[in-house]
Amino acid sequence: MLDSVKIGGFISGKRRELGMTQQQLADRLNISFQAVSKWEKGSTFPNVELLPELSAVMEVTVDELLSGCEKDGEELSYSKAGVDIAYTDTIKKEMAKHLETGDKRVLNGLGPFASLYDISFPEIKNPVLVLKSEEPGSKQKLAMEYGYTDSICHDMINHLVNDIAVMGAKPLAVLDTIVCGNAEKDTISALVKGVSDACRENECSLVGGETSVQPAVVEKGVYVLTSSIAGIVEKDRIIDGSAMEEGDTVLALASNGLHTNGYSLVRMLMDRMPEIKLEKVEGMTFIEQIMKPHTPYYKALKGIMGNSGVHGMAHITGGGIEGNLCRVIPDGLSAVIELDRIKTLPVFRFIRQCGNISDREMLSTFNCGVGFILVVQREAADRIAAHLSRYYDCYEIGCIRVEKQKIIMENKINWQ
């Protein structure tokens, strides 16, 4: 329990010890001296937003500030090791508002040891949970460096939801983890808000998670994100590729750029050619192009889930078309991809040219314009493509044949 009188007396004593008037302290914090006066009288607490700055001016930790006393210089403490429990607790209270949801299946909020989610689905006879973990890779390093804090959260959740959508699953609940070297309230709040907003856009809920401050492990200012999701699907409606047959059509759903893959190569390219960061690609700087959020496909896909005409789906991430589509092709069948039908994007042409990268390397590293693939019954292809085209460009790029090799690439990709 915080003692406002004790805290006020501590602030007053430290202010005098540092030779400051109430007005001088107020000026340092860009607030009125009346606010300082109220703190010192014990009638109000300092605002949460001011705690880090106030503690820095007072030359104490937030923990010491909120306990109203300075710890012995020889005494070891968690805060001296870089983890200020009192401050992180205030951050958690700020996080709580971003976890508010109208989902009645979420049975508790922030605070309990674990999150409770009601998985009773009377309309689903044989429910199967679909579980997945994901992180936005090295793209998050660029996101923090160039100020795309909110965007990287959408990258992570969109990628996560796309990965379970390939099995026909409806996304339910997400747990996120933020690992950092020091907990900056504004950054943590922005990250949690970004994840929460991305979940709502994908029709699921952020139900909890973990913020882990590791000052001796992670550098100050570095944030590492990861998330896990639970989805659900009717057992006899799981889409796993087993229904594929010769003659099926392969449809491509367009990407909007790199999504969340290939950034280690891109960062190497930027290190060697720093000038490309601000070069224009289709009216946008290169940085703006490569930091576009990962395309979310769930809202487009949910309208065809459970449709018997959909035989398999693949999310095109690291490994490109070949490395991902092969995961859903049954033995004895082959997806024949006509590379000259792929609608490449200008950003990939730019990367290929600047890095002098081979076609093979481009296709195995990037999606090259194809963010998602569906294998559908030939007779249903036009109808399914028409539905998906209401959301994203959707077009045919191949077919299924009886062959030993699971993926066959024909012709050459057109970079013009």
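Basis for what follows: all heavy atoms, side chains included, without hydrogens, waters or symmetry-related copies.
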(Q) Between Glu203 and Lys302, does the salt bridge (Lys or Arg N to Asp or Glu O under 4.0 Å) criterion hold? Intermediate values first, please. (A) CA-CA 11 Å; Glu203 300 179 10; Lys302 68 177 184 177; 2.6 Å; yes
Grab the two heavy atoms, one from [X] and one from [Y], that are nearest each other, plus how far apart they are.
X      : Y      : value
Ala252 : Val370 : CB-CG1, 3.8 Å
Asn324 : Ala314 : O-CB, 4.0 Å
Thr295 : Asn162 : O-ND2, 2.9 Å
Val213 : Gly181 : CG1-O, 3.9 Å
Ala254 : Tyr297 : O-OH, 2.8 Å
Ser228 : Ser133 : OG-OG, 2.7 Å

Flag, side chain of [X] to backbone of [Y], donor-acceptor distance under 3.5 Å:
X      : Y      : value
Tyr395 : Ile342 : no
Arg378 : Asp248 : no
Tyr298 : Glu201 : no
Lys139 : His259 : yes
Ser364 : Glu361 : yes
His387 : Ala300 : yes
Arg105 : Ser120 : yes
Thr344 : Asn414 : yes
Glu403 : Gln405 : no
Gln289 : Gly257 : no

Q: Report the C-alpha distance between Lys406 and Asp331 in whole Å, list the side-chain angles of each, state the deciding distance to 0.1 Å, and finish with yes or no for salt bridge (Lys or Arg N to Asp or Glu O under 4.0 Å).
A: CA-CA 7 Å; Lys406 289 196 173 186; Asp331 292 339; 3.2 Å; yes
(Q) Under the criterion side-chain hydrogen bond (donor to acceptor under 3.5 Å, both in side chains), I'd like the reasoning laid out for Asn367 against Thr317: C-alpha separation, chi angles, the key distance, then a yes or no. (A) CA-CA 6 Å; Asn367 66 64; Thr317 54; over 6 Å; no
For [X], I'd like to know if atom [atom1] has over 12 heavy atoms of other residues, nucleotides or ligands within 6.0 Å.
X      : atom1 : answer
Met244 : CE    : yes
Leu18  : CG    : yes
Lys132 : NZ    : yes
Arg349 : CZ    : yes

Scan the side chains in residues 217-224 for donor-acceptor partners under 3.5 Å anywhere in the protein, sequence neighbours excluded, and list what turns up.
from, atom 1, to, atom 2, distance (Å)
Tyr223, OH, Asn182, O, 3.2
Tyr223, OH, Glu184, N, 3.2
Tyr223, OH, Glu184, OE1, 2.7

For a quick test of your reading: what N or O donor-acceptor pairs under 3.5 Å do the side chains of residues 269-282 make, sequence neighbours left out?
from, atom 1, to, atom 2, distance (Å)
Lys277, NZ, Tyr146, OH, 3.1

Q.
Could you go through Lys193 and Asp150, starting from their C-alpha distance and side-chain angles, then the distance that decides it, and tell me whether this counts as salt bridge (Lys or Arg N to Asp or Glu O under 4.0 Å)?
A. CA-CA 8 Å; Lys193 181 181 184 301; Asp150 180 73; 5.4 Å; no
Q) Tell me, do Leu251 and Ile384 make a side-chain contact under 4.5 Å, heavy atoms counted? A)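 Of all side-chain heavy-atom pairs linking Ile384 with Leu251, at least one is under 4.5 Å.
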Q: Please lay out, stage by stage, how Met284 and Lys292 fare under the test side-chain contact (heavy atoms from CB on, under 4.5 Å).
A: CA-CA 11 Å; Met284 301 173 69; Lys292 288 179 179 178; 3.8 Å; yes
**Q.** Within the 6.0 Å centroid threshold, strictly below: His294 and His315
**A.**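 For His294 and His315, the ring centres are under 6.0 Å apart.
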Q.
Could you measure the distance from the CG atom of Leu339 to the CG atom of Asn411? Nearest 0.5 Å is fine.
A.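 Result: 7.0 Å between the selected atoms.
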Q) Is it true that the NZ or CZ of Arg15 lies under 6.0 Å from the centre of Phe10's six-membered ring and within 45 degrees of the ring axis? A)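 No.
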**Q.** Steps toward side-chain hydrogen bond (donor to acceptor under 3.5 Å, both in side chains) verdict (Gln214, Ser212)
**A.** CA-CA 6 Å; Gln214 301 183 20; Ser212 179; 2.8 Å; yes
Q: Go through Asn126 and Asp236 one step at a time and tell me if the side-chain hydrogen bond (donor to acceptor under 3.5 Å, both in side chains) criterion holds.
A: CA-CA 8 Å; Asn126 295 303; Asp236 62 6; 6.0 Å; no
